[in-house]
Number of protein chains: 4
Amino acid sequence: MLETLRSKLSLKNPLGRALLGEFVGTAVLLVIICCCVAQALLSNGKMNEMININVGVGLAVAFGIAITAKLSGGHINPAVSIMFFSFRQMSFVKFVLYCVAQTLGAFVGAALTYIVYYDAINKYDGGIRAVTGDKATIGVFASVPGEHLGPINGLTDHIIGTAIFCIFICHITDKRNSYPAWTQPLIIGLNFVMIGTAFGYNAGYPYNPARDLGPRIFAILVGYGGEVFSFRNYSWFWVPLVGPMIGGVLGGWIYQLAVGFHVPDDREHKYELVATKNGKDIEDP
Amino acid sequence: MLETLRSKLSLKNPLGRALLGEFVGTAVLLVIICCCVAQALLSNGKMNEMININVGVGLAVAFGIAITAKLSGGHINPAVSIMFFSFRQMSFVKFVLYCVAQTLGAFVGAALTYIVYYDAINKYDGGIRAVTGDKATIGVFASVPGEHLGPINGLTDHIIGTAIFCIFICHITDKRNSYPAWTQPLIIGLNFVMIGTAFGYNAGYPYNPARDLGPRIFAILVGYGGEVFSFRNYSWFWVPLVGPMIGGVLGGWIYQLAVGFHVPDDREHKYELVATKNGKDIEDP
Amino acid sequence: MLETLRSKLSLKNPLGRALLGEFVGTAVLLVIICCCVAQALLSNGKMNEMININVGVGLAVAFGIAITAKLSGGHINPAVSIMFFSFRQMSFVKFVLYCVAQTLGAFVGAALTYIVYYDAINKYDGGIRAVTGDKATIGVFASVPGEHLGPINGLTDHIIGTAIFCIFICHITDKRNSYPAWTQPLIIGLNFVMIGTAFGYNAGYPYNPARDLGPRIFAILVGYGGEVFSFRNYSWFWVPLVGPMIGGVLGGWIYQLAVGFHVPDDREHKYELVATKNGKDIEDP
Amino acid sequence: MLETLRSKLSLKNPLGRALLGEFVGTAVLLVIICCCVAQALLSNGKMNEMININVGVGLAVAFGIAITAKLSGGHINPAVSIMFFSFRQMSFVKFVLYCVAQTLGAFVGAALTYIVYYDAINKYDGGIRAVTGDKATIGVFASVPGEHLGPINGLTDHIIGTAIFCIFICHITDKRNSYPAWTQPLIIGLNFVMIGTAFGYNAGYPYNPARDLGPRIFAILVGYGGEVFSFRNYSWFWVPLVGPMIGGVLGGWIYQLAVGFHVPDDREHKYELVATKNGKDIEDP
């Protein structure tokens with residue numbers, strides 16, 4: 001039955017498929033990320049500690065990429081898309097459309113979170129959505145900077161964190177490194193677990209403009225109000241939007257200039273020989 | 001010796017093998033899940049925190065599926081069976097028999113848990129089995145909704161959580177995604193770790209009617225009484241039975257309609273070429 | 001240089017190699033397990049919580065097996081050896097020698113732990129080694145039953161826990177399940193992580209007579225005294241020795257009778273076809 | 001575009017590539033390790049507990065090795081380099097250059113950490129960098145021994161811990177054990193997770209002279225002063241420099257003498273047959 005339906009319903013347009021993929025993947029990413037944070041925040045830390053968030057968010061990255069990998073390449077993050085755009089591996093129009101699809105997906109993921117934890121949010125804040133104060137629940141949706149963090153350090157945090165993540169996206173997807181296709185989303189997710197154990201304290205390591213913008217817009221619609229953008233006198237909201245875009249491009253080029261360009265092809269060939277030694281060691285000892 | 005015995009004792013009937021497999025797999029799933037919760041609850045959280053439960057339950061899903069995969073396909077969950085039934089990949093009779101075998105397995109897993117933690121339960125509750133109150137231990141066996149959670153939100157929680165889990169079961173077992181057979185149960189387990197970090201706060205993410213019903217019936221037999229069904233005026237017990245069945249079908253079809261039908265076959269072929277490049281790069285450079 | 005030395009120094013006797021392997025593997029297993037517990041106990045839980053112990057012990061099982069797998073098959077546990085003996089896959093003499101090598105390895109692992117945490121133990125107990133009381137550190141070396149646990153429940157705990165672990169050792173090493181050789185020790189370790197999240201509360205899930213006996217003897221030599229055997233009026237020390245031996249045999253045969261004998265060979269063949277589809281789909285479409 | 005740039009910019013000199021690789025890999029290692037510790041220390045343990053550090057540091061080892069594996073072999077640790085030097089697998093000059101590149105990389109990793117957590121460190125210590133006392137933050141950069149630990153036990157700790165880690169580096173990279181190339185950095189990282197759950201309580205398991213020296217020098221430059229070397233009357237700073245070098249050589253040779261030399265080649269051949277059975281079972285049934 002499925003094959004029959006498939007032949008009728010499958011999208012033939014590659015760009016359409018890709019945008020659908022980015023939308024679905026980012027929606028999955030966000031419903032998990034936001035629900036992980038909700039589970040920690042709404043239970044006052046009794047249910048989830050930092051390690052649960054590190055693991056859950058890493059798996060959300062892995063499975064969000066995995067489910068869209070064959071449709072769109074599995075970016076689910078404008079910082080990753082702008083990196084590939086800077087490599088001239090995607091056009092400007094496609095880059096912009098990817099960002100839109102990602103932000104829409106993030107919006108839907110935030111909305112699903114709101115449905116899942118509607119009763120819990122109401123119990124926590126008594127029905128009054130707040131961006132600041134003891135009963136603030138905005139952290140479920142958008143990243144919140146620590147009290148110690150100024151905007152300059154916030155920006156360097158986002159640039160360095162995103163750059164390291166994108167260095168490893170390049171490393172993992174570089175054909176010369178021969179990671180099997182099915183492992184790549186999982187290893188990228190594992191890398192983001194590492195990012196979370198290291199860069200979580202400043203502002204919660206979003207490192208993804210769509211992940212931050214989509215839910216922030218959703219939050220306005222459900223009663224958090226314009227404060228989601230205006231808090232701290234508009235000095236913060238642009239940081240998680242701009243920082244990762246700089247970091248993505250920077251990380252991509254650092255990888256290529258410092259590592260990728262120097263991985264020797266013959267060495268790669270040598271590794272292949274090792275990998276296929278079992279099958280070959282009878283013919284060419 | 002084993003091979004001789006095998007030739008005498010192996011079940012020839014495929015359905016018999018399948019039902020035995022579902023029974024064993026669900027029993028393994030439940031003894032681990034219930035013991036994980038018991039370790040947390042009976043030690044007042046000193047031994048297990050949420051992360052231990054997330055990891056333990058995820059591994060129980062992985063190994064429960066792995067051990068029955070070659071006998072029955074490794075459903076161990078009526079929500080998964082009804083999804084495959086909705087795909088017309090199993091008959092209605094087989095679906096019902098699977099559900100019965102799963103529920104029986106869950107019952108036995110709960111019974112094994114009771115044996116393992118008999119002294120500990122007695123010490124905790126003084127020998128009086130309770131569904132509510134400070135000394136309640138029903139949570140070891142059946143899922144308990146948080147105080148904040150009403151039945152409507154409970155239902156949406158079960159539908160959305162199960163749907164996301166089943167979307168990924170489809171993704172992971174979809175041949176077009178080329179996950180090696182031995183990795184599939186482990187990756188499904190990993191997905192359930194993710195589910196647990198995100199959807200645990202409402203009602204403990206059972207998302208499996210057999211997992212909830214079998215132990216609930218067992219609990220009546222060992223002294224918890226009819227309150228396991230009647231508490232909250234019968235407004236809860238049906239939620240973990242009905243919600244996952246809706247979510248399973250919904251998730252399966254969302255995957256097919258939004259992702260699965262659009263994964264291009266040629267792309268799949270291209271991935272195969274990459275995967276077999278090592279073996280081929282002599283013939284077709 | 002290494003190859004030259006290898007040709008001179010390599011042991012030619014397979015049994016000698018095997019016993020050396022069991023010795024080394026169990027020593028590695030024990031130094032990690034005991035140090036994990038020491039890190040938790042001596043820091044009063046500040047450094048290690050249950051999850052660290054679960055992960056550390058699981059990895060110790062994985063790497064302990066991995067390092068000896070090609071020398072001896074990687075039992076590092078008399079309960080596993082007696083299971084293979086009951087399958088007539090090793091002789092009685094070899095089984096006994098394996099147990100001796102394992103216990104000696106466990107002794108050495110305990111001794112290394114004592115060296116690593118000598119200052120820390122002294123600070124904790126003021127130099128007076130104790131089996132009971134507030135300053136007891138015997139738990140670093142041998143398993144200690146929870147206060148709630150009687151010997152009967154202790155025995156059922158050890159039988160059921162070891163049986164489930166051995167069911168999965170059979171599953172993972174069963175050729176019909178096609179786990180790649182290099183993954184098997186890691187997946188067995190993962191299974192033991194699961195065991196630890198579920199069966200840790202009663203008596204710390206040793207499930208390995210050598211793991212318990214070797215360090216217990218070592219403890220006598222460094223001042224813990226005969227109380228390591230006599231505490232609770234000699235009602236406990238035999239439980240972690242006898243229980244796992246029963247559980248190992250039981251689990252092995254449950255696997256074979258309930259699952260292993262029924263895994264169809266043709267199904268296995270079918271899986272192989274899937275696994276080799278990439279290489280074959282040109283020849284036989 | 002990338003391929004064009006690559007042909008122009010790639011380093012042709014293998015030693016230059018190798019030193020660049022060691023520099024980049026150790027910088028990645030250190031920025032993650034130091035940020036993990038910073039996240040724990042500066043948040044007073046609210047954000048990171050030991051498990052986050054164990055996981056984060058293990059992943060830093062894995063990805064630090066992975067990114068440099070094809071350029072330099074992925075040592076990123078003088079203790080590993082001296083082991084390979086003792087095997088006569090690298091020259092003395094190359095060994096020294098590797099150590100210099102690793103220490104420079106570690107210095108840069110520490111500097112990046114300082115940039116990421118600049119505001120947070122200032123808030124924690126009020127702008128006064130301290131090596132001892134309540135507001136000490138030196139632990140972010142260099143390892144600090146526990147109060148219970150004397151220098152002798154510190155040395156045995158570093159020797160035994162590093163030896164076990166290096167035993168497993170040998171095991172994992174030993175061709176006879178057939179780990180696929182892409183898995184080796186990840187499994188080495190997993191091994192270091194194990195090391196961290198077992199050997200963290202004495203002095204934080206650095207087990208890498210470059211990891212300790214580079215950040216310690218950086219710390220002097222940003223205001224911690226000479227006390228980073230002189231504290232405890234100069235009785236500690238040499239321990240994490242000397243101990244791992246002894247442990248690395250010791251571990252390497254223990255592996256070869258106790259395990260590696262005895263892994264039979266024919267057994268290896270047998271394993272290969274299993275591994276290639278899928279491809280062969282038509283030709284030789």
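Each chain gets a letter, A, B and so on, in the order its sequence line appears, and its residues count up from 1. Here the structure is a predicted model, which means the values were calculated and not measured.
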**Request:** Between chain B and each of C:I164, C:T156, C:L190, C:D157, count heavy-atom pairs under 4.5 Å; write down the option with the most.
**Result:** C:L190
**For C:A258 against B:L71, the heavy-atom pair lying closest together** = O-CD1, 4.4 Å
**Message:** Out of C:I152, C:I160, C:I172, return the one with the most heavy atom pairs under 4.5 angstrom to chain B.
**Reply:** C:I160
**Message:** Which atoms of B:V37 are under 4.5 Å from chain C, going by heavy atoms: the side chain, the backbone, both sets, or neither?
**Reply:** neither
**Request:** Flag the one option from B:A38, B:P180, B:A60, B:A66 with the top tally of heavy-atom pairs under 4.5 Å to chain C.
**Result:** B:A66
**Request:** Quick one: pull up OH in C:Y255 and CG in B:L2 and give me the separation to the nearest 0.5 Å.
**Result:** 10.5 Å
**Message:** Using heavy-atom distances under 4.5 Å, tell me whether B:V24 contacts chain C through its side chain, its backbone, both, or neither.
**Reply:** side chain
**Request:** For the pair C:H262 (side chain) and B:L11 (backbone), establish whether a donor and an acceptor sit closer than 3.5 Å, ignoring hydrogens and angles.
**Result:** yes
**Prompt:** Can you tell me how far CG of C:N202 sits from SG of B:C35, rounded to the nearest 0.5 angstrom?
**Reply:** 8.5 Å
**Request:** Go through B:L186 and C:I187 one step at a time and tell me if the side-chain contact (heavy atoms from CB on, under 4.5 Å) criterion holds.
**Result:** CA-CA 9 Å; B:L186 294 169; C:I187 298 176; 3.9 Å; yes
**Prompt:** Can C:K175 and B:E3 be counted as an ion pair, charged N to O under 4.0 angstrom?
**Reply:** no
**Message:** Whether the side chain of C:N54 engages the backbone of B:N52 through a donor-acceptor N/O pair (distance < 3.5 Å, no angle test) should be reported.
**Reply:** no
**Prompt:** Does B:E49 use its side chain to pair, donor to acceptor, with the backbone of C:M50 at less than 3.5 Å?
**Reply:** no
**Prompt:** Looking at B:M1, B:K123, B:R6, which makes the most heavy-atom pairs under 4.5 Å with chain C?
**Reply:** B:R6
**Nearest-0.5 Å distance, CD1 of residue B:I32 to CG of residue C:N191** = 7.5 Å
**Request:** Check C:G196 against B:Q39 and note the closest heavy-atom contact, atom names and distance.
**Result:** O-NE2, 3.2 Å
**Item:** Whether C:R176 side chain and B:K70 backbone form a donor-acceptor pair below 3.5 Å
**Value:** no
**Item:** Inter-residue atom distance C:H148.NE2 - B:N122.CG, 0.5 Å rounding
**Value:** 10.5 Å
**Request:** Step through the shown structure and confirm whether more than 12 heavy atoms of other residues, nucleotides or ligands are within 6.0 Å of NZ on B:K8.
**Result:** no
**Message:** A quick test of your reading: do over 12 heavy atoms of other residues, nucleotides or ligands sit less than 6.0 Å from CG of C:L257?
**Reply:** yes
**Request:** Decide if atom OH of B:Y118 counts as having more than 12 heavy atoms of other residues, nucleotides or ligands within a radius under 6.0 Å.
**Result:** no
**Message:** Given heavy-atom pairs under 4.5 angstrom as the criterion, report whether the side chain, backbone, both or neither of C:F168 touches chain B.
**Reply:** side chain
**Request:** Enter the distance from B:L59:CG to C:F192:CZ here, rounded to the nearest 0.5 Å.
**Result:** 13.0 Å
**Request:** Go through the steps for B:I53 and C:T197 under the test side-chain contact (heavy atoms from CB on, under 4.5 Å), then give the verdict.
**Result:** CA-CA 7 Å; B:I53 293 176; C:T197 61; over 6 Å; no
**Message:** Check the orientation of B:Y117 and C:Y201. Use parallel for under 30°, tilted for 30 to 60°, and perpendicular for over 60°.
**Reply:** tilted
**Item:** C:W253 vs B:L5 side-chain heavy atoms within contact, under 4.5 Å
**Value:** yes
**Asked** Out of curiosity, B:F63 CZ to C:H171 NE2, how far, rounded to the nearest 0.5 Å?
**Response** 7.5 Å
